[in-house]
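Okay, so here's the structure we're looking at.
Heavy atoms only: backbone and side chains are in, while hydrogens, waters and symmetry mates are out.
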Amino acid sequence: MPSFVRPEDPLWADSLARCPHDFYALPCFAALDASWSNGEAVAYIDRENNILIPLVRRALSYGYFDATSPYGYPGIVTNALTKKIRNAIERYLEAGQKAGLVTSFLRLHPLLNANIPHALSGLDSCMIVEHGPTVSVSLAEEDENWLAQLPKGLRRDIRVLQREGYVAEFNGPDALNAFMDCYHASMKRRGAADTYLFDQNYLEQLTECLGARITVCVVRSAQGEPACAGLFTCVNRIAQYHLSGTNPSHLSLGPNKLMLTAARKWAREQGAQWFHLGGGVGAREDGLFAFKRRFGSHLSSFWTLRLIHDRDLYENLRTRWLQRNNLTEAPNPNFFPVYRQQVCQ
């Protein structure tokens, strides 16, 4: 029978062992994200349909909950065929309602969940939203052959960085502190929300969770100053460009170009098949997306699922939220669930 399990339940790890998955679905990562976002990590497991859904469950009033995917692209872990996926989500909608869930917001994995939107098309109480493309770099080619195919201007910029004495190192001395400084400088420059300002304790727990499956790349100037830094992961032959930041003093030279070149080499050495760079801000085709597109030509769509387990409760929460904020309609009608939307007073 389908069930909700906690990270320490061996059923979670056992279910992952049966299906392709990325690090976002690991129980230790879900637990870390839940502690950061004041939720509770659980996984919905349906062994009959060979499916696992990593979740962060959040409390609502009167003993009810809603759920969201942990940070990133956890998606739905499965190797089931289309018919079984549809049946599994129908069962999840029912099981969630019985367990007190009102809604679920699921971020699908662009590489591993490409078939799921089609499988769920037309399913009642399930809204499927396509947000935009993400970029992946194939790791089939040798480094030199891949470099030779990059845009001419990008190759020139990388050579300039090397000529100026910039070097990329992995897991070097004080790497995590260098990452923290660069990452927080970038988040401050972009005006990021507090939820993205991961602290030292969070990052230490993340590296402990992933162990050898995560690396810290720091690009240093000729003088040894951190110019940029990034966290990269590799699980089940998928490498991820997880988090990064740039020192404002080195922003004009774009040292992350050298970092991504070095990270691709690292990913190949780990045996990865794909190096997933992600997309633009909010999955838009913006400047960040254009930058990533220069490194890879393989595009995958990023989708989310918005599931309503209990329609009556959802409408009740929506109505109360509108009344509390003196609104007749939500400022952003695409935000889900609507009652979680922040309203500027």
Check: Going by the angle between their ring planes, with limits at 30° and 60°, are Tyr73 and Tyr24 parallel, tilted or perpendicular?
Finding: perpendicular
Next item on the list: Kindly assign one of parallel, tilted or perpendicular to the pair His242 and Phe29, based on the angle between their ring planes and the thresholds 30° and 60°.
Entry: perpendicular
Margin query: For a quick test of reading the model, state the closest non-hydrogen atom pair linking His276 to Ser136 and the distance between them.
Written below: CD2-OG, 3.2 Å
Check: Can you check side-chain hydrogen bond (donor to acceptor under 3.5 Å, both in side chains) on Thr304 and His131, steps first, answer last?
Finding: CA-CA 8 Å; Thr304 59; His131 296 269; 2.7 Å; yes
Notebook entry, point to check: Do the rings of Tyr92 and His309 sit parallel, tilted or perpendicular, given the 30° and 60° boundaries?
Noted result: perpendicular
Check: More than 12 foreign heavy atoms under 6.0 Å from CZ of Phe335: is that the case here?
Finding: yes
Next item on the list: Specify whether Phe198 and Tyr202 have parallel, tilted or perpendicular ring planes, treating 30° as the upper limit for parallel and 60° as the lower limit for perpendicular.
Entry: parallel
Next item on the list: Determine, step by step, whether Asn247 and Asp181 satisfy the side-chain hydrogen bond (donor to acceptor under 3.5 Å, both in side chains) criterion, reporting the C-alpha distance in whole Å, the side-chain angles of both residues, the deciding distance to 0.1 Å, and the verdict.
Entry: CA-CA 8 Å; Asn247 183 336; Asp181 290 342; over 6 Å; no
Next item on the list: Can you establish whether the number of heavy atoms outside Leu81 located under 6.0 Å from its atom CG is more than 12?
Entry: no
Notebook entry, point to check: Looking only at the SG atoms, are Cys28 and Cys209 under 2.5 Å from each other?
Noted result: yes
Item checked: Side-chain H-bond candidate by donor/acceptor type, Asp66 with Tyr339, under 3.5 Å -> yes
Margin query: Could you walk me through whether Tyr241 and Phe295 satisfy the ring pair (Phe, Tyr, Trp, His ring centres under 6.0 Å) test, starting with their C-alpha distance in whole Å, then the side-chain angles of each, then the deciding distance to 0.1 Å, before giving a yes or no?
Written below: CA-CA 12 Å; Tyr241 179 22; Phe295 288 86; 8.9 Å; no
Item checked: 4.5 Å side-chain heavy-atom contact, Leu317 and Tyr64 -> no
